[in-house]
Amino acid sequence: MPELTRRSLLKAALAGSAAVTLSGCGILPEKASGKGAQQYTGAIGLPGGHFAVGAIAPDGTMLWQSPVSTRCHSGCNRPGTAEVLFFERRPGWSFYVFDSKTGERLHHIKASEGEHFVGHGIFSPDGRFLYATASRYDPGEGIVAVYDSRQGYQRVNTFELNGTGPHQITLHPDGQTLVVGLGGILTHPDYDRIKLNLDSMKPALVLVDRLSGATIGSFSPSHHQLSTRHVDVAPDGTIYAAYQYQGPAHELPPLIARYRKGRYEEIDLGESVHRKLGNYIASIVAHPENDLVAIASPIGGTALVFNGRSGKVLEQASIADCAGVEALAGGDFLVSSGRGKLIRIGKGQPAREIASMSVLWDHHLV
């Protein structure tokens, strides 16, 4: 049987969209970032080519599914509230805000004219302001669109990124610095995600003051076709960036960069590891409890955990169509796949399937 792509899987007919099979300990472990009742929320594919955002409890129960009109990508929890937000997949014309306890849709916010979202956002520490990466698609200008959640998610500001193709955005532990992966790839909704500027890409890791909107730092990868897509920050302020290489498939450039103490450097995981990643990383997560970092590559069907300080790979596993990563309480990671699998992996914890669900997880878990 030929290998199925993520797109074909999303269109596959599935039996019982909420069914789940648990193995191992019988329950999903808790997230590292929360207290009390825990849940995992993600964009999912359903039978008949339909889409939803769904949440599951630590015991594997599907808590809710809320239908959406098109495929979503990633989201973020609003601090201090029971709200979770998800963006449509690039080019995303809107984002949705849900009650994280019930799945009730609270808001459906459309992109401004001439703009589209790219799948990611992050809130200010007090939960008031949402910072969403977006693109003015005709001129190809990357921006951060700022929304006030206390005013029904009214657009209140725009930060210029002075570059093309922003993707993931997160917040530094200082509470003030936005960390943005600027992919450098020009696309346009009229051309179905065709990459229009591969010869002239200018990717970067960009740091933005969330109060003034000023760019306070920009760091370029070693090759102009190393699209800087996904980012995360450790509690000590170390920033990690994950690339998606747009050059020849036989080349094996570094796919991870680290910024700390004023130094931007790329991490070489070794040729044998790089061959397994397919020059593509879909998620990168720095664990808040230790010095471990996890990445997942759906193209390479590989997830791995490495030491953030040394870059040494500690665990790796072949997981078909793996993409989402979430930090778990106790030091391990949860990896999701487009095949409905949830896998636990960590230092001294070889990959172990803990759930198999008849929904198709998209690229990120929150």
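Note that the structure is predicted; figures quoted are calculated from it, not measured.
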Working to the nearest 0.5 Å, report the span between [atom1] of [X] and [atom2] of [Y].
X	Y	atom1	atom2	answer
N279	L252	CG	CG	6.0 Å
H287	F333	NE2	CZ	5.0 Å
I44	S358	CD1	OG	9.5 Å
I256	L277	CD1	CG	7.5 Å
Y243	R229	OH	CZ	14.0 Å
R136	I143	CZ	CD1	4.5 Å

For a quick test of reading the model, state the closest non-hydrogen atom pair linking [X] to [Y] and the distance between them.
X	Y	value
P173	V233	CD-CG1, 3.3 Å
G127	S149	O-OG, 3.0 Å
S66	F98	OG-CE2, 3.1 Å
A323	A296	O-CB, 3.6 Å
G330	E289	N-OE1, 2.9 Å
A294	V325	CB-CG1, 3.8 Å

Are any of the side-chain heavy atoms of [X] and [Y] separated by less than 4.5 Å?
X	Y	answer
T228	P221	yes
F95	L130	yes
S94	I109	no
E266	L226	yes
H223	P253	no
V68	E88	no
N157	Y131	no
P298	D321	yes

Report task. Could you walk me through whether V231 and Y240 pass the side-chain contact (heavy atoms from CB on, under 4.5 Å) test, one step at a time? Result -> CA-CA 6 Å; V231 294; Y240 295 91; over 6 Å; no
**Report entry** CA sep, side-chain torsions, deciding dist, call: L255, Y280, side-chain contact (heavy atoms from CB on, under 4.5 Å)
**Finding:** CA-CA 8 Å; L255 296 175; Y280 187 104; over 6 Å; no
If hydrophobic clusters are built from ILVMFWY residues whose side chains come within less than 4.5 Å, do [X] and [Y] share one?
X	Y	answer
F86	F51	yes
W361	L46	yes
I295	I345	no
V293	Y264	yes
L171	Y153	no

**Report entry** Residue among V359, L342, L365 satisfying side-chain contact (heavy atoms from CB on, under 4.5 Å) with I56
**Finding:**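 Of the listed residues V359, L342, L365, the side-chain contact (heavy atoms from CB on, under 4.5 Å) partner of I56 is L342.
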Query raised in the report: What's the verdict on side-chain contact (heavy atoms from CB on, under 4.5 Å) for K202 and T164, showing C-alpha distance, side-chain angles and the deciding distance?
Result: CA-CA 8 Å; K202 294 182 179 179; T164 300; over 6 Å; no
Give a yes or no on whether the backbone of [Y] and the side-chain of [X] come within a donor-acceptor separation of less than 3.5 Å.
X	Y	value
S100	A82	yes
D232	A286	yes
K341	C322	no

Query raised in the report: Residues two or more places apart in sequence or in another chain: which of them pass side-chain hydrogen bond (donor to acceptor under 3.5 Å, both in side chains) with S124?
Result: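 Partners of S124 under the side-chain hydrogen bond (donor to acceptor under 3.5 Å, both in side chains) test: D126.
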Requested in this report: With sequence neighbours left out, write down each residue that passes side-chain hydrogen bond (donor to acceptor under 3.5 Å, both in side chains) with S69, or none if nothing qualifies.
Outcome: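 Per chain and number, S69 pairs via side-chain hydrogen bond (donor to acceptor under 3.5 Å, both in side chains) with Y96.
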Report task. Please lay out, stage by stage, how S283 and H363 fare under the test side chain to side chain donor-acceptor pair (under 3.5 Å). Result -> CA-CA 7 Å; S283 291; H363 273 199; over 6 Å; no
Query raised in the report: Regarding T133 and H120, is there a side-chain donor-to-acceptor distance under 3.5 Å anywhere?
Result: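 Looking only at side-chain atoms, H120 and T133 do not form any donor-acceptor pair under 3.5 Å.
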Query raised in the report: Would you say the side-chain atoms of Q244 and S227 include a donor-acceptor pair closer than 3.5 Å?
Result: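 On atom types as modelled, these side chains do not qualify, holding no pair under 3.5 Å.
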Requested in this report: Please lay out, stage by stage, how E271 and R275 fare under the test side-chain contact (heavy atoms from CB on, under 4.5 Å).
Outcome: CA-CA 6 Å; E271 180 178 345; R275 289 191 182 282; 2.7 Å; yes
Query raised in the report: Tell me the side-chain hydrogen bond (donor to acceptor under 3.5 Å, both in side chains) pairs involving residues 296-316, sequence neighbours left out?
Result: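 Applying side-chain hydrogen bond (donor to acceptor under 3.5 Å, both in side chains) to every pair that reaches into residues 296-316, excluding sequence neighbours, yields K276-Q316, N307-S310.
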Query - Pair E115 + R155: basic N to acidic O under 4.0 Å - result: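 Looking at E115 and R155, the cut-off is met.
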Report task. Test F87 against every option in Y147, F117, W93 by the ring pair (Phe, Tyr, Trp, His ring centres under 6.0 Å) rule and name the one that passes. Result ->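 Going through Y147, F117, W93 one by one, the ring pair (Phe, Tyr, Trp, His ring centres under 6.0 Å) with F87 is satisfied by F117 alone.
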